[in-house]
Peer 1: 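Below you'll find the structure I mean.
Chain letters run A, B, ... following the sequence lines, proteins first and then strands; every chain starts at 1. These figures come from a predicted structure and were not determined experimentally.
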There are 2 protein chains.
Amino acid sequence: MAVLSFQLNNHLFVRDPQHTQLGQNIISKSVEMIDRLGFEQFTFKKLAEEIESTEASVYRYFENKHRLLLYLVAWYWSWIEYRIDLATNASQPAEERLKTAIDVIVEEKKFDPSFAFVDEVALHRIVVSELDKTYLTKWVDKDNQEGLFGGFKSLCKKIAGIVTEINPKYPYPNSLISTVLLAAKQQAFFSVHLPSLTNVSQDTNGAEQIHSFIKRLVFDTIKS
Amino acid sequence: MAVLSFQLNNHLFVRDPQHTQLGQNIISKSVEMIDRLGFEQFTFKKLAEEIESTEASVYRYFENKHRLLLYLVAWYWSWIEYRIDLATNASQPAEERLKTAIDVIVEEKKFDPSFAFVDEVALHRIVVSELDKTYLTKWVDKDNQEGLFGGFKSLCKKIAGIVTEINPKYPYPNSLISTVLLAAKQQAFFSVHLPSLTNVSQDTNGAEQIHSFIKRLVFDTIKS
DNA sequence: GTGTTTATGATAGTATTACTATTATATTTG
DNA sequence: CAAATATAATAGTAATACTATCATAAACAC
């Protein structure tokens with residue numbers, strides 16, 4: 001199996017973690033720990049202990065833990081976009097491509113052996129719980145200027161483009177896609193923690209229900 | 001003008017802040033400060049300085065700053081529900097009531113003199129920026145058990161009920177309403193900070209565009 | 001009006017966090 | 001082999017999120 005890596009905005013890190021053993025340890029252990037502890041309880045000190053390194057060493061890869069989260073989330077969106085690209089091709093009708101994109105966004109994640117040191121299932125849970133924390137900070141504007149949200153913006157733009165192909169007159173393609181990208185995560189979260197805010201069940205049907213909810217939402221509004 | 005107050009879940013506070021001068025100072029000053037500093041930068045120590053009291057005294061009203069945020073957000077949702085109740089009546093057709101509810105959710109907020117010590121405009125901005133932080137924590141389940149999200153759940157249920165009146169066969173009323181309640185906030189945030197994720201402009205048309213986006217989204221999907 | 005409860009203020013202290021700095025020791029590279 | 005670089009080890013700092021104690025002032029009960 002070919003070993004792939006994503007070219008991420010290099011403001012996300014101080015030193016690229018994909019290229020060294022320590023860097024890869026930082027990534028894979030932090031995914032596991034943020035998933036287990038939650039982002040607030042996760043610290044570089046605890047991480048350093050578990051990878052048997054030091055806090056100072058971790059700081060040589062990431063300026064702070066917020067940037068590490070941004071990195072992980074950027075990686076996630078790159079991975080999603082890559083999988084949408086794999087699953088679609090330009091010769092398909094736009095509606096087909098939009099359906100596929102929604103499939104990829106909502107579907108239950110499985111470990112992807114192309115990226116050995118990233119546990120995509122845990123990373124998906126992290127994105128569900130922590131995504132909003134990447135931009136709901138006092139640094140949004142600065143982070144945005146540095147292009148740290150590029151992965152999310154690029155994905156949103158790509159799918160919004162398909163919406164416009166289907167109905168060039170629909171006036172809110174970006175709003176629609178950003179809404180459903182977030183809604184997919186939120187409904188998954190609610191199904192576990194605040195079930196009265198959703199009609200999605202927590203069991204294995206959940207992904208399918210979110211899928212059907214969102215597909216209907218999108219197609220109803222762009223085709224009306 | 002009659003002075004009103006909301007009966008909020010009493011797990012939200014240690015001592016009810018509406019009943020004392022110090023309590024009211026805590027509320028109004030924390031609204032101003034969280035709006036100005038952001039929730040992370042806001043601390044009880046800074047608050048105590050500004051109201052010329054002490055940290056220990058603030059802790060006699062709120063267990064911690066997370067509960068204070070929950071309190072403010074609960075207050076906000078109670079206020080929204082109250083205003084929807086004012087603006088609708090049971091004799092109206094369901095579609096009319098749903099439109100009105102969306103109006104109230106999206107509309108630009110103005111100071112409401114019925115609640116003298118709360119600056120609703122600032123509180124609205126707080127909810128836009130900080131709402132997700134109320135439930136994206138390791139305490140969600142505990143907080144939920146204590147009923148601290150009651151305001152949001154109650155509002156969601158009420159509006160979802162109207163959706164079901166309009167189309168009893170629509171299978172996702174709660175998901176739809178929780179999605180649009182959050183989308184209204186997110187699109188407002190994006191219009192300011194991440195404009196490429198939205199088609200809503202930052203100027204005074206913004207609220208109207210969000211309104212039109214959401215009204216169309218809701219009615220298209222429940223009437224299809 | 002005295003005594004008692006209750007609210008607040010003043011002050012101190014603790015563990016944890018999010019860093020920064022320095023120096024020593026490996027490891028890689030030229 | 002020398003020089004550069006990466007990492008480890010250790011220490012230190014300011015801020016945060018509390019907890020605890022005691023004094024005083026206001027309110028309220030009789």
Side-chain angles (χ1 to χ4, degrees), chain A residues 10-30 33-34 36-72 117 130 133-134 136-139 142-143, chain B residues 10-30 33-34 36-72 117 130 133-134 136-139 142-143:
Chain A
N10 59 18
H11 288 99
L12 287 165
F13 46 78
V14 180
R15 190 207 249 38
D16 192 334
Q18 289 177 109
H19 297 340
T20 67
Q21 189 57 51
L22 179 61
Q24 295 186 8
N25 288 346
I26 290 173
I27 298 303
S28 58
K29 200 68 189 180
S30 62
M33 289 181 76
I34 295 174
R36 174 161 43 90
L37 303 174
F39 186 63
E40 276 68 33
Q41 275 55 53
F42 167 80
T43 71
F44 279 3
K45 190 174 189 181
K46 292 176 189 169
L47 171 63
E49 274 162 30
E50 293 218 22
I51 60 176
E52 293 181 304
S53 178
T54 63
E55 227 183 323
S57 296
V58 178
Y59 276 101
R60 278 192 209 95
Y61 282 84
F62 292 99
E63 212 175 310
N64 53 50
K65 73 170 183 169
H66 179 242
R67 295 254 160 155
L68 171 54
L69 181 62
L70 283 170
Y71 180 93
L72 296 177
F117 61 93
E130 320 288 359
K133 294 172 192 166
T134 59
L136 294 170
T137 72
K138 57 162 183 174
W139 312 290
K142 187 173 168 271
D143 289 351
Chain B
N10 59 19
H11 288 100
L12 288 165
F13 47 79
V14 181
R15 189 208 252 32
D16 192 334
Q18 291 178 107
H19 297 341
T20 68
Q21 188 57 52
L22 179 59
Q24 295 187 7
N25 288 346
I26 290 173
I27 298 304
S28 57
K29 200 68 189 180
S30 61
M33 289 181 77
I34 295 173
R36 172 160 46 90
L37 303 174
F39 185 63
E40 276 69 31
Q41 275 55 54
F42 166 80
T43 70
F44 278 4
K45 191 175 188 177
K46 293 176 189 167
L47 171 64
E49 275 162 31
E50 293 217 22
I51 59 176
E52 293 181 304
S53 178
T54 62
E55 229 183 324
S57 296
V58 177
Y59 276 101
R60 282 190 202 98
Y61 282 85
F62 291 99
E63 214 175 309
N64 53 50
K65 73 171 182 168
H66 178 243
R67 294 255 161 155
L68 170 55
L69 181 62
L70 283 171
Y71 180 93
L72 296 177
F117 62 93
E130 320 289 0
K133 295 173 192 166
T134 58
L136 293 170
T137 72
K138 58 162 184 173
W139 312 288
K142 188 174 167 272
D143 289 351

Peer 1: Round to a whole Å and report the spacing from CZ of A/Arg15 to P of D/dT5.
Peer 2: 10 Å
Peer 1: In whole Å, I'd like the distance from the NZ atom of B/Lys65 to the C1' atom of C/dT17.
Peer 2: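 Computing the B/Lys65:NZ to C/dT17:C1' distance gives 13 Å.
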Peer 1: Working to the nearest 0.5 Å, report the span between CD of B/Glu40 and CD1 of B/Ile34.
Peer 2: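 B/Glu40 CD to B/Ile34 CD1: 10.0 Å, rounded to 0.5 Å.
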Peer 1: Report the nucleotide, chosen from D/dA17, C/dT17, C/dT11, that has the shortest atom-to-atom distance to any side-chain atom of B/Thr43.
Peer 2: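 The answer is D/dA17, which lies nearest to the side chain.
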Peer 1: B/Glu40 has an atom CD; how far is it from atom P of C/dT17, in whole Å?
Peer 2: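 Distance check: B/Glu40 CD to C/dT17 P gives 16 Å.
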Peer 1: With a 4.0 Å cut-off on heavy atoms, is B/Lys45 in touch with a base, just the backbone sugar-phosphate, or nothing at all?
Peer 2: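 If one applies the 4.0 Å heavy-atom cut-off, B/Lys45 turns out to touch nothing in the nucleic acid.
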Peer 1: In whole angstroms, how far is the C1' atom of D/dT5 from the NE2 atom of A/His19?
Peer 2: 16 Å
Peer 1: Students often get this wrong, so: under 4.0 angstrom with heavy atoms, is B/Phe62 touching a base, only sugar-phosphate, or nothing?
Peer 2: nothing
Peer 1: Can a side chain N or O of B/Lys46 be found less than 4.0 Å away from OP1 or OP2 on D/dT16?
Peer 2: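 Answer yes for this pair, as a side-chain N or O of B/Lys46 is under 4.0 Å from OP1 or OP2.
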Peer 1: Among D/dT7, D/dC18, D/dA9, which is the nearest nucleotide to the side chain of A/Ala56?
Peer 2: D/dA9
Peer 1: Donor-acceptor pair, distance only, cut-off 3.5 Å: does the side chain of B/Glu130 make one with the backbone of B/Phe39?
Peer 2: yes
Peer 1: What is the distance, to the nearest angstrom, from the CD atom on B/Gln41 to the C1' atom on C/dA18?
Peer 2: 13 Å
Peer 1: I would like to know whether A/Phe44 and A/Ile26 meet side-chain contact (heavy atoms from CB on, under 4.5 Å); could you show each step before the answer?
Peer 2: CA-CA 9 Å; A/Phe44 279 3; A/Ile26 290 173; over 6 Å; no
Peer 1: Show, in sequence, the C-alpha distance, side-chain angles and deciding distance for A/Thr20 and A/Tyr61, and conclude whether the side-chain contact (heavy atoms from CB on, under 4.5 Å) test is met.
Peer 2: CA-CA 10 Å; A/Thr20 67; A/Tyr61 282 84; 2.7 Å; yes
Peer 1: Once you round it to whole Å, what is the distance between P of C/dC19 and CG of A/Leu68?
Peer 2: 12 Å
Peer 1: Report yes if a side-chain nitrogen or oxygen of B/Thr54 is closer than 4.0 Å to either non-bridging phosphate oxygen (OP1 or OP2) of C/dA10; otherwise report no.
Peer 2: no
Peer 1: Once you apply a heavy-atom cut-off of 4.0 Å, does A/Phe44 come out as touching a base, just sugar-phosphate, or nothing?
Peer 2: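 Nothing, no nucleic acid heavy atom in range.
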Peer 1: For DNA chain D, whose closest nucleotide is more 5', that of B/Arg60 or that of B/Phe42?
Peer 2: B/Phe42
Peer 1: To the nearest Å, how far apart are A/Tyr59 OH and D/dT10 P?
Peer 2: 19 Å
Peer 1: Does the side chain of A/Ser57 get closer than 4.0 angstrom to OP1 or OP2 of D/dA8 through an N or O atom?
Peer 2: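 Yes, such a contact exists.
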Peer 1: On DNA chain C, compare the nucleotides closest to B/Leu22 and B/Glu55; which residue's is nearer the 5' end?
Peer 2: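 Nearer the 5' end of the strand: B/Leu22.
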Peer 1: Could you check how far CD of A/Gln24 sits from P of D/dT7, rounded to whole Å?
Peer 2: 12 Å
Peer 1: Would you say B/Tyr61 places a side-chain N or O within less than 4.0 Å of OP1 or OP2 belonging to C/dT8?
Peer 2: yes
Peer 1: Just say parallel, tilted or perpendicular for the rings of A/Trp139 and A/His66, cut-offs at 30° and 60°.
Peer 2: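 A/Trp139 and A/His66: tilted rings.
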